[in-house]
Amino acid sequence: MTDSAVTQERRLVTAIPGPGSLERLDRKKAYVADGVGTTLPVFVTQAGGGILVDVDGNHLIDLGSGIAVTTVGNAAPAVVRNVQEQVQAFTHTCFMVTPYDGYVDVCAALAELTPGDHAKKSALFNSGAEAVENAVKIARVATGKDAVAVFDHAYHGRTNLTMAMTAKNMPYKNGFGPFAGEVYRAPMSYPLRDGLDGPSAAARAIDVIEKQVGAANLACIVIEPIQGEGGFVVPAPGFLPALAAWAEDNDVVFIADEIQSGFCRTGDWFASDHEGVVPDLVTTAKGIAGGLPLAAVTGRADLMDSVHVGGLGGTYGGNPIACAAGLGAIEEMKEHDLAARARHIGELMHTRLDALKIEHPVIAEVRGRGAMMAIELCKPGTTEPDAARTAAVAAYCHQQGVVVLTCGTWGNVFRFLPPLSIGDDLLREAFDIVSEAFTATA
Ligand SMILES: Cc1ncc(COP(=O)(O)O)c(CNCCCC(=O)O)c1O
């Protein structure tokens with residue numbers, strides 16, 4: 001897709017991490033709070049295509065995209081061009097003080113690209129959690145109701161409200177309470193573990209919501225169309241449409257959190273598109289701006305306009321450089337049909353993972369769509385999570401110069417999030433290493 005300035009080959013010139021990274025790691029420990037963890041302590045100097053270059057000259061294959069952010073690559077031409085032009089012009093004025101075209105242009109693009117052909121408006125922020133917080137604010141004002149329904153295994157952020165919405169205690173919530181009230185959790189459709197079809201799983205969730213909350217008290221349902229940190233859980237077909245229909249029938253705002261699954265990652269512009277679900281509100285971030293911090297709430301114009309003037313904002317929300325990057329990233333996605341690229345990458349990964357599953361029974365399931373693919377590792381023949389094996393396989397990949405990420409409530413899900421700018425040969429080589437890792441850790 002993009003001619004990266006970085007040589008597209010895996011190259012190991014030292015152990016991983018190398019001496020230059022280890023030296024810097026000591027400095028990190030001296031100045032950076034221990035709470036800021038690191039998956040793979042290699043300090044990066046350049047990145048692009050599907051490669052991260054570290055301070056020791058190692059070239060690592062990137063299957064993480066900075067946690068589903070650099071979908072268009074780390075330095076996509078249109079992003080670089082737009083950012084350079086914008087930073088020369090001005091870095092910031094605060095849109096709430098004096099507006100600028102870039103913010104409006106991003107909102108117009110979001111109205112065009114997000115699911116549904118109704119009138120849509122947006123508000124821009126900096127982080128995904130901020131977008132989720134504001135989507136809940138909007139739903140509460142619009143409905144006059146307080147309660148929020150979320151799901152098992154959900155992840156929505158690290159702020160107080162989004163921690164209340166996030167399911168996993170460690171590392172996200174432990175010790176940080178008390179958390180915001182009026183957040184209720186319903187069972188998620190998790191086919192590997194519940195064996196339910198979509199409508200049955202939805203009926204189960206709706207029953208919990210009706211009995212524990214009541215539609216008369218419920219402002220919104222917030223759900224990831226494919227869950228991210230919770231384990232790349234793909235709900236059974238029909239689950240999301242049934243939830244959306246119930247929400248519509250009961251004056252409940254249906255909010256799709258597309259922060260990890262959006263912007264071509266799953267082979268559609270948004271994961272909601274796969275089943276034709278049209279959310280009332282959509283939260284986006286990560287892939288929206290090629291690495292610059294940009295997030296958004298986009299939704300039905302009447303809902304978005306239910307908030308009093310001045311009720312939505314923040315100093316940096318929709319920063320002009322981030323908006324320039326976002327417009328560049330969207331240009332790349334359109335020009336190179338990156339949704340199709342994601343579907344191609346998904347086919348390549350699924351084929352390799354299906355073969356691996358046959359060879360290694362510890363792989364209980366291959367799941368995901370497009371370039372958001374995962375395998376869940378369980379003791380063979382059971383659904384008992386195997387977190388230790390997951391960590392061992394990941395460690396092997398890291399040592400061999402392949403950056404992979406894990407996730408899941410039990411830490412037993414291996415996820416694949418390559419940048420869509422990665423070449424097929426490099427991707428195949430990465431999966432050769434993943435296969436080696438399973439053999440080496442057996
Ligand atoms: C669906 C979904 N909603 C919301 C968020 C939050 O987005 P922020 O930009 O990290 O605030 C995410 C962020 N996921 C990665 C978190 C990484 C970490 O902090 O350890 C998400 O995936």
Side-chain angles (χ1 to χ4, degrees), residues 32-40 64-71 114 124-137 148 150-174 176 180 183 188 220-235 240 254-263 265-266 270-272 279 281-298 314 316-319 322 325-326 329 368-369 371-372 374 394 403-409 411 413 415-417:
V32 179
D34 289 349
V36 181
T38 296
T39 302
L40 179 51
S65 299
I67 316 182
V69 169
T70 50
T71 307
T114 51
L124 303 183
F125 303 99
N126 308 285
S127 70
E130 207 182 344
V132 173
E133 289 258 1
N134 281 278
V136 171
K137 283 163 63 175
V148 178
V150 292
F151 289 84
D152 291 336
H153 314 294
Y155 182 93
H156 296 292
R158 295 172 177 260
T159 59
N160 188 269
L161 171 62
T162 56
M163 280 193 286
M165 297 167 70
T166 290
K168 192 172 182 181
N169 174 52
M170 187 57 87
Y172 306 119
K173 302 171 68 165
N174 198 56
F176 297 129
V183 175
M188 177 68 184
C220 57
I221 286 175
V222 186
I223 189 164
E224 302 155 84
I226 295 180
Q227 292 185 315
E229 307 309 313
F232 277 33
V233 180
V234 181
L240 293 173
F254 186 78
I255 302 174
D257 182 349
E258 295 255 19
I259 286 162
Q260 184 149 180
S261 59
F263 281 102
R265 173 56 57 185
T266 64
F270 295 92
S272 304
L281 299 180
V282 183
T283 53
T284 56
K286 288 182 184 284
I288 187 174
L292 276 288
L294 183 63
V297 180
T298 302
Y316 291 106
N319 164 275
R369 282 203 304 270
M372 186 173 182
V403 181
V404 290
L405 304 175
T406 62
C407 64
T409 296
V413 177
R415 55 175 158 171
F416 303 96
L417 287 163

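The chain is numbered in sequence order, starting from 1. Order of listing sets the numbers, starting from 1, for every ligand and every atom in it.
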Asks: Is the number of heavy atoms from other residues, nucleotides or ligands under 6.0 Å of Y316 OH greater than 12?
Replies: no
Asks: What pairs of residues pass the side chain to side chain donor-acceptor pair (under 3.5 Å) test when at least one of them lies in residues 161-171, not counting sequence neighbours?
Replies: T159-T162, N169-N174
Asks: Taking the six-membered ring for Trp, are the ring centroids of F232 and F416 within less than 6.0 Å of each other?
Replies: no
Asks: Does any donor atom in the side chain of T283 or E258 lie under 3.5 Å from an acceptor atom in the other side chain?
Replies: no
Asks: Side chain to side chain contact (heavy atoms under 4.5 Å, CB included) with C220: which residues, sequence neighbours excluded?
Replies: V136, A139, V148, V222, V253, I255
Asks: So which residues, sorted by chain and number, lie with a heavy atom under 4.0 Å of ligand 1?
Replies: I67, S127, G128, A129, Y155, H156, G157, R158, Y172, E224, E229, D257, I259, Q260, K286
Asks: Sequence neighbours excluded, which residues qualify as side chain to side chain contact (heavy atoms under 4.5 Å, CB included) partners of T409?
Replies: H153
